[in-house]
Participant: 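Take this structure, written in structure tokens, and hold onto it; I'll ask about it next.
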Number of protein chains: 2
Amino acid sequence: MSMGPKQAILAEFAGVARALGHAHRLELLEHLGQGERGVDALAARVGLSLANASQHLQQLRRAGLVANRRDGKFIYYRLADDGVTDLLTALRRQSERNLAEVDRIRRGYFADRDSFEPVSREDLLERVASGLVTVLDVRPQDEFGQGHLPGAVNIPLGELQDRLAELDPDSEVIAYCRGAYCVFAFEAVAALRAQGRPARRLVDGFPEWKAAGLPVATSF
Amino acid sequence: MSMGPKQAILAEFAGVARALGHAHRLELLEHLGQGERGVDALAARVGLSLANASQHLQQLRRAGLVANRRDGKFIYYRLADDGVTDLLTALRRQSERNLAEVDRIRRGYFADRDSFEPVSREDLLERVASGLVTVLDVRPQDEFGQGHLPGAVNIPLGELQDRLAELDPDSEVIAYCRGAYCVFAFEAVAALRAQGRPARRLVDGFPEWKAAGLPVATSF
DNA sequence: ACTTCAATCAATAGATTACTTGATTGTAAA
DNA sequence: TTTACAATCAAGTAATCTATTGATTGAAGT
């Protein structure tokens with residue numbers, strides 16, 4: 001069991017990597033990227049039992065990827081810092097580069113939805129500055145409230161059909177949601193274009209925006 | 001067993017993360033960062049049985065992190081691309097930020113060795129341009145041959161005491177080796193300073209240099 | 001053909017991980 | 001105190017992962 005200094009350090013790194021090595025934990029991290037949440041809410045959104053979610057969250061905590069605080073009866077988890085989002089982005093980059101599998105899945109499910117070029121963060125900033133676009137946040141209201149792009153309008157995807165009137169029909173809509181693999185933004189763009197309205201999606205989501213150090217607004 | 005598109009993609013990402021989730025595999029990747037190597041050589045350096053090393057390497061290959069080619073009886077592995085080094089760097093960054101454990105280990109083993117400020121890549125380039133320093137590569141000769149910093153002198157750590165005459169006693173030495181956790185560079189700096197010679201170490205190693213897109217020289 | 005040797009494959013035992021169930025802890029309110 | 005509830009803990013089973021052993025494949029050389 002004796003280990004050199006290097007082996008000991010590499011074992012620590014490996015521990016962090018292993019904490020990322022489960023789809024459920026990655027999904028928990030994706031949700032935590034939106035903002036602080038209680039265990040129960042997380043479990044419900046990811047579709048895990050409470051005990052199971054709690055255990056996954058504790059693993060993430062042991063790896064230093066998330067932190068938590070108690071408020072009354074509730075325990076709220078959050079990402080340990082913005083570096084976590086960077087690590088997740090690096091993981092996604094490398095995975096996409098080499099895994100034909102990812103591409104195959106994307107093509108299969110997201111089909112033509114991807115055919116309209118996504119908008120980069122820089123493009124979005126430019127267009128917002130010149131007042132040409134409406135930025136649309138299609139996440140649920142509570143996630144919007146915890147943090148969103150400045151000037152964004154919040155219409156959760158399920159309400160989009162009923163609230164089309166709230167969107168200026170003459171300006172292009174740029175939709176975003178949780179991240180690069182969140183389907184909400186795809187769906188929103190498809191729905192808007194079906195109405196003959198110009199719409200595109202932001203290339204990734206809120207956590208990446210925040211991690212890039214760009215301004216964030218909150219409500220409530 | 002049915003999975004949405006997101007779950008399927010996250011499962012792929014998790015697979016890549018799990019491939020990084022073992023100290024032996026991280027060490028294999030560190031060695032592969034120096035350049036292409038045969039299975040036997042890797043197994044010997046990391047201290048694994050041949051079969052075990054082979055299986056770890058295949059796991060890395062399945063995750064798309066390394067590639068291999070056959071040449072006669074030998075099979076040579078290499079990093080799939082420079083992005084792998086970036087991902088490893090991101091993993092190290094995040095791990096260091098949050099794990100007191102890493103710091104504790106570092107302090108315990110590397111002690112005062114760290115007390116002389118390491119040199120950044122930019123600093124090194126500047127000093128080389130003005131001819132003020134000797135760049136010293138203390139890795140084994142074969143690793144040096146596969147790629148090294150331009151203008152670097154190769155004296156493996158074990159031979160340093162006997163070959164001090166080869167180093168200009170008036171110019172500062174900047175030593176480097178495999179990476180941020182390779183002890184060779186620490187040892188070399190300690191040995192040189194014990195002789196009263198000015199010496200510091202590069203903040204990280206050859207793979208990071210190469211991944212940063214800086215020029216690389218080869219011999220043989 | 002036969003031998004040699006690098007590397008992989010196959011099978012196994014032991015360790016670790018994931019998820020469930022039911023009990024326990026900690027806080028707030030009745 | 002008692003009750004209620006969020007979250008954790010504990011225990012057990014099924015599944016997965018690691019490392020060893022010995023057999024097998026593939027490319028050279030005799």
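Per chain, numbering begins at 1; letters A, B, ... match sequence-line order. What you are looking at is a predicted structure, and each value in this text was computed from that prediction instead of being measured.
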Participant: Please identify each residue that fulfils ring pair (Phe, Tyr, Trp, His ring centres under 6.0 Å) with B:H22, with sequence neighbours left out.
Facilitator: B:H24, B:H56
Participant: Are OP1 or OP2 of C:dC19 and a side-chain N or O of A:H56 less than 4.0 angstrom apart?
Facilitator: yes
Participant: From NE2 of B:H22 over to P of C:dA15, roughly how many Å is that when rounded to an integer?
Facilitator: 14 Å
Participant: Round to a whole Å and report the spacing from CZ of B:R18 to P of C:dT17.
Facilitator: 12 Å
Participant: Send over the distance from B:Q59 CD to C:dC9 P, rounded to a whole Å.
Facilitator: 13 Å
Participant: Rounded to whole angstroms, how far apart are CG on B:L48 and C1' on C:dA7?
Facilitator: 15 Å
Participant: Rounded to whole Å, please give me the gap between CG in B:N52 and C1' in C:dC9.
Facilitator: 14 Å
Participant: Distance to the ring centre below 6.0 angstrom and angle to the axis at most 45 degrees; does that hold for A:R139 and A:F206?
Facilitator: yes
Participant: Report the distance from atom CG of A:D71 to atom P of C:dA29, rounded to the nearest whole Å.
Facilitator: 11 Å
Participant: Less than 4.0 angstrom between a side-chain N/O of B:S49 and OP1 or OP2 of D:dA19, yes or no?
Facilitator: no
Participant: Could you please spell out the steps behind the side-chain contact (heavy atoms from CB on, under 4.5 Å) verdict for A:V173 and A:V153?
Facilitator: CA-CA 10 Å; A:V173 170; A:V153 176; over 6 Å; no
Participant: Taking only residues two or more places apart in sequence, or in another chain, which ones meet B:R121 in a side-chain hydrogen bond (donor to acceptor under 3.5 Å, both in side chains)?
Facilitator: B:D204
Participant: Might you point out which heavy atoms bring B:A43 and B:S49 nearest each other, and give the distance in Å?
Facilitator: CB-O, 4.1 Å
Participant: When you check the side-chain N and O atoms of B:D71 and B:Y76, is any donor under 3.5 Å from an acceptor?
Facilitator: no
Participant: Let me have a per-nucleotide readout for nucleotides 1-14 of chain D, 5' to 3', with B, S or -, counting only protein heavy atoms under 4.0 Å.
Facilitator: ----BSBBBB----
Participant: Starting from P on C:dT16, measure out to NE2 on B:H24 and report it in whole angstrom.
Facilitator: 14 Å
Participant: What is the distance, to the nearest angstrom, from the CZ atom on B:R62 to the P atom on D:dT18?
Facilitator: 10 Å
